[in-house]
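Everything below concerns the one structure shown next.
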Amino acid sequence: MPEGHTIHRLAADHRDRFQGRKTTASSPQGKFSDSAALVTGRPLDTAEAHGKHLFLGFQDTGWIHIHLGLFGKVTLGGAPAPPPTDTVRLRLTNDTAYMDLRGPTTCALITDEGKQAIHARLGPDPLRPRGEGNDPETAWRRISRSRTTIAALLLDQKVVAGVGNVYRAEVLFRHGIDPYTPGKDLTYAQWTAIWADLVDLMREGVRHNRIDTVRPEHTPEAMGRPPRVDDHGGEVYVYRRARQACHICGGEIRTADLAARNLFWCPTCQPRGNRP
DNA sequence: GTAGGATGCTAAC
DNA sequence: TTAGCCTCCTACG
């Protein structure tokens, strides 16, 4: 399931399996058939991610722009590909590999200009190379003059690209910051620490293809507690742990609706007073 | 078998 | 602020 780390991992996986090789594209489900026909027979030049957007570049054809949304899923495997099911929006194959895309919000063939327009409306991405505006200062310019809560700002892709509901909850917990703190009340030091942490956490997420945020000293083993299993694959402090005990203080994790998303936090470890 | 959610986002009110 | 989109999985009868 897709936050930025998933998409950057997919870009790398596509480069490994498809780059420089003739690709066959099809749309068993039908909605991408015309564009698939244009791509078929072309080699993949490159694959790139910005936030939660994936771009697959095909020689002389353009870019397949993919956004997984909440449900979208990519399956990668070796040849021969199994018979596609009727929900497969896009299938890519070559001699040795296949990719199936299901349920995306977006799967469209776009031009260089179209791609530029998407980059232009996205904020800096902790997983992209630093420089040319892709840095914490660019985000800070918006955050530091916003009355919106830091929890909402972190999910705003124009402010930071790639952070989703899990990283939002976890990074705020790791820095002891009340999610309802207005952006303008955050200190620059707090923000640069959050950014640096996102860089580390999300790189780790790309490497392991899952979200782990619990520091070594807080693992169940280190705390002398029984092992735990979070049902979304990674080890986390607060995400989807409403009404359970905080791993650090033992208090109850809280949840609330914030801008139509589920927010999780520990009111003890992220106190309201913990503001400048 | 079916309802309801889920790591997302946008257009329209 | 809400409805709508897209799919899969779990919990509950």
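Both backbone and side-chain heavy atoms feed into the values below; hydrogens, waters and symmetry mates do not. Proteins come first, then strands; the chains are lettered A, B, ... in the order of their sequence lines, and each starts at number 1.
- Using a 4.5 Å heavy-atom cutoff, the side chains of A/Leu258 and A/Tyr180 are in contact.
- Of the charged side-chain nitrogens involved, none lies within less than 4.0 Å of a carboxylate oxygen, so that A/Glu235 and A/Arg210 do not count as a salt-bridged pair.
- Closest approach to the A/His67 side chain among B/dC9, B/dA6, C/dC8 is made by B/dC9 (side chain taken as heavy atoms from C-beta onward).
- With rounding to whole Å, A/Asp257 atom CG is found 12 Å from C/dT1 atom C1'.
- The interatomic distance linking A/Glu235 (CD) with B/dT7 (P) rounds to 19 Å, in whole Å.
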Where do A/Leu90 and A/Ser27 land on the side-chain contact (heavy atoms from CB on, under 4.5 Å) test, with the steps shown first? CA-CA 5 Å; A/Leu90 168 65; A/Ser27 181; 5.8 Å; no
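- Ranking C/dT7, B/dC9, B/dA6 by closeness to the A/Lys52 side chain, first place goes to B/dC9.
- Using a 4.0 Å cut-off, no side-chain N or O of A/Tyr167 falls inside it from OP1 or OP2 of B/dT7.
- At the phosphate of C/dT7, OP1 or OP2 sits under 4.0 Å from a side-chain N or O atom of A/Gln29.
- When the C1' atom of B/dA6 is taken as reference, atom CG of A/Leu70 falls 5 Å away, rounded to whole Å.
- Ring-centre distance between A/Phe173 and A/His247: not below the 6.0 Å cut-off.
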List the steps and the verdict of side-chain contact (heavy atoms from CB on, under 4.5 Å) for A/His14 and A/Leu56. CA-CA 8 Å; A/His14 277 78; A/Leu56 306 177; 3.9 Å; yes
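- A 4.5 Å side-chain heavy-atom check between A/Arg17 and A/Met99 finds every atom pair outside the cut-off.
- Look at A/Arg9 and you won't find any side-chain N or O under 4.0 angstrom from OP1 or OP2 of B/dT7.
- The pair A/Asp13-A/Arg9 counts as a salt bridge, with a side-chain nitrogen and a carboxylate oxygen less than 4.0 angstrom apart.
- With C/dC8, B/dT10, B/dA6 as the candidates, the nucleotide lying closest to the side chain of A/Asn262 is B/dA6.
- Looking at residues 84-93 of chain A, you'll see A/Thr87, A/Arg89 sit with a heavy atom under 4.0 Å from some atom of DNA chain C.
- For the pair A/Lys73 NZ and C/dT7 C1', the computed distance is 8 Å after rounding to whole Å.
- The side chain of A/Arg102 lies closest to C/dC8 when the candidates are C/dC8, B/dT10, B/dA6.
- Figure legend: cation-pi geometry between A/Arg240 and A/Phe264 absent, as NZ or CZ is not positioned both under 6.0 Å from the six-membered ring centre and within 45° of its axis.
- Comparing B/dT10 with C/dC8, their C1' atoms sit 22 Å apart, to the nearest whole Å.
- Counting to the nearest Å, the C1' atom of B/dT7 and the CZ atom of A/Arg241 are 17 Å from each other.
- Computed from coordinates, the A/His53 NE2 to B/dT10 P distance equals 7 Å when rounded to whole Å.
- You'll find that the side chain of A/Asn165 is closest to B/dT7, out of B/dC9, C/dC8, B/dT7.
- Residue contacts shown for A/Lys158 are absent, as no nucleic acid heavy atom lies under 4.0 Å away.
- At whole-Å resolution of the value, CZ in A/Arg121 and C1' in B/dC9 are 10 Å apart.
- Here the P atom of nucleotide B/dT10 and the CD atom of A/Gln157 are 8 Å apart, to the nearest Å.
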